[in-house]
2 protein chains.
Amino acid sequence: MEATMTGDPLPKLPATAWAVLGLLSFPGERSGYDLKKWADASLRFFYWSPALSQIYSELKRLEQLGFAVSRIASQDELRNKRLYRITDSGQEALATWARETPAGPPVLKHGVALRVWLGHLSEPEELRKTLVEHRDYAASTLVEVRASEDSAQDRWPFPALVLKWSERYWQAERDLADGMLADLEDLYRKQGGEAAG
Amino acid sequence: MEATMTGDPLPKLPATAWAVLGLLSFPGERSGYDLKKWADASLRFFYWSPALSQIYSELKRLEQLGFAVSRIASQDELRNKRLYRITDSGQEALATWARETPAGPPVLKHGVALRVWLGHLSEPEELRKTLVEHRDYAASTLVEVRASEDSAQDRWPFPALVLKWSERYWQAERDLADGMLADLEDLYRKQGGEAAG
DNA sequence: GGGAGCATGTAACGGGTTACATGATTGG
DNA sequence: CCAATCATGTAACCCGTTACATGCTCCC
């Protein structure tokens, strides 16, 4: 039923729907579960990984729109999975979306920075701990990005390019955390000095 | 009526509610409108700036919880504004929240990176344009951060520290965009070379 | 036996947005 | 005179989450 020819306007969908369709725009068939794993290993580093339940509902919507089709694959008897693939109409809609919808500014919600911003409410010890944990988090995310880069999964050139970017991003994030930690020590030293001297 | 003594558990509020209360935790009285302006000039660089309507509704909720109080100020006859200030109970709740609630990983939704990830759907020209625009956006945000740092508004030490961090962040964001642009050119050259040679 | 991973979904909830509504003042 | 800024709010909407429900297989 791959109807809907060229000419009908793009439905207004949340960015996540296009991201899911984007995951399907690479060759192959995938289940919702597969997509979640792939999102966790790539999308997550630069664009959040949607909840499984949302992936399932987006897939359902994409199929209703004719942008994807699914079939039931019963590979190991009794084990059922629903495999999706993108349609021509979906490929076209996705390309149109990429062409016409401006990307917009990146969305950042940095809880750690917020905590430091409210530093007057915390003990130095706690704030330090929060920052050190964040630094370690950034460092371990960096390791995960590198693992993802090494995996054969990402032989596609554009995803590889973005993983490279992500590697640099998380490197910067780690270094920025170190920098803020150093500045924080300076601040405490200065405050302590004022109080003492 | 600043009731609610120590001991009652923290209500589960969205991070934005605490962020708004945090804006009030610095000395002085502020209107919802003031808070929006301040959020646009500081919070925005590292933690999103809530919509005005949300600030108003969060303020209402904070007042109902006893974390803030408001009074009507009619400064220039007929001109009414509602000024809020934090209560002792609010100050205490905010400090408890900062102490007990882990900051969690930063949330990043990088639409530009998503576009590049789906680069196989775009013309080189368009992708370049998207990246150049993003680079300029990061550069101009950097200028805004520096302006905010220079303004007397932020004599508070912790906010100043986070603005310093934000400055480095947007610098990195700009440089990362340049890096991705260069990598993209390499990719196109390689692809072009393959096709040609 | 039980926990982890595979696999798919539904339902409730609420956070946060845009659009709407209103109206005064200031400056070009 | 009109646009921008000041100033406060309501209502509709829906994106996306968590919690719940189900059941299989593999491995310790």
Whole angstrom value for the distance that separates P of C:dT10 from CD1 of A:Ile55: 15 Å
Can you check whether B:Gly119's main-chain N or O pairs, donor with acceptor, with B:Ser122's side chain at less than 3.5 Å? no
Atom OH of B:Tyr56 and atom C1' of C:dT17: how far apart are they, to the nearest Å? 16 Å
Restricting to side-chain hydrogen bond (donor to acceptor under 3.5 Å, both in side chains), what partner residues turn up for B:Arg146, sequence neighbours left out? B:Glu167
So which nucleotide from C:dA7, C:dT8, D:dA7 ends up closest to the side chain of A:Asp34? C:dA7
Between D:dT25 atom P and A:Lys81 atom NZ, what is the distance in whole Å? 14 Å
Only counting residues at least two apart or in another chain, list the ones meeting side-chain hydrogen bond (donor to acceptor under 3.5 Å, both in side chains) with B:Glu144. B:Arg44
Polar pairs (N or O, both sides) under 3.5 Å between protein and nucleotides 15-19 of chain D?
unit_1	atom_1	unit_2	atom_2	d
D:dC15	OP2	A:Arg61	NH1	3.4
D:dC15	OP2	A:Arg61	NH2	3.3
D:dG16	OP1	A:Thr16	OG1	3.2
D:dG16	OP1	B:Lys109	NZ	3.1
D:dG16	OP2	A:Thr16	OG1	3.1
D:dG16	OP2	A:Gln54	NE2	2.7
D:dG16	O5'	A:Gln54	NE2	3.3
D:dT17	OP1	A:Trp48	NE1	2.7
D:dT17	OP2	A:Ala51	N	3.0
D:dT17	OP2	A:Gln54	OE1	3.2
D:dT18	O4	A:Ser53	OG	3.0

When Ile, Leu, Val, Met, Phe, Trp and Tyr are grouped by side-chain heavy atoms lying under 4.5 Å apart, directly or through other members, which residues fall in the same group as B:Tyr33? B:Leu52, B:Tyr56
Tell me the interatomic distance from B:Asn80, atom CG, to D:dT8, atom P, rounded to whole angstroms. 9 Å
Atom CD of A:Glu126 with >12 non-hydrogen neighbours under 6.0 angstrom: yes
How many whole angstroms separate atom NZ of B:Lys36 from atom P of D:dT5? 14 Å
If we only count heavy atoms from C-beta on, is the A:Leu121 to B:Gln91 side-chain gap below 4.5 Å? yes
Walk me through it: do A:Phe158 and B:Leu127 pass the test side-chain contact (heavy atoms from CB on, under 4.5 Å)? CA-CA 11 Å; A:Phe158 291 101; B:Leu127 212 48; 4.0 Å; yes
Name every donor-acceptor pair, under 3.5 Å, that has one atom in a side chain of residues 12-28 of chain A and the other anywhere in the protein, sequence neighbours excluded.
unit_1	atom_1	unit_2	atom_2	d
A:Ser25	OG	A:Gly22	O	2.7
A:Ser25	OG	B:His120	NE2	3.1

I need the CD-P distance between B:Glu29 and D:dA7, as an integer number of Å. 14 Å
Whether A:Lys60 contacts C:dT10 is assessed here as follows: a side-chain N or O lying under 4.0 Å from the phosphate OP1 or OP2. Is that the case? yes
Linked, directly or transitively: A:Met180 and A:Tyr188 (ILVMFWY side chains, under 4.5 Å): yes
Whole-Å distance separating the OH atom of B:Tyr84 from the C1' atom of D:dA7: 12 Å
Nearest whole angstrom, please: distance from the P of C:dA7 to the CZ of A:Arg30. 14 Å
Mind grabbing the angle between the end helix axes of the helix from C:dG1-D:dC28 to C:dG28-D:dC1? Five pairs an end, 10° rounding. 30°
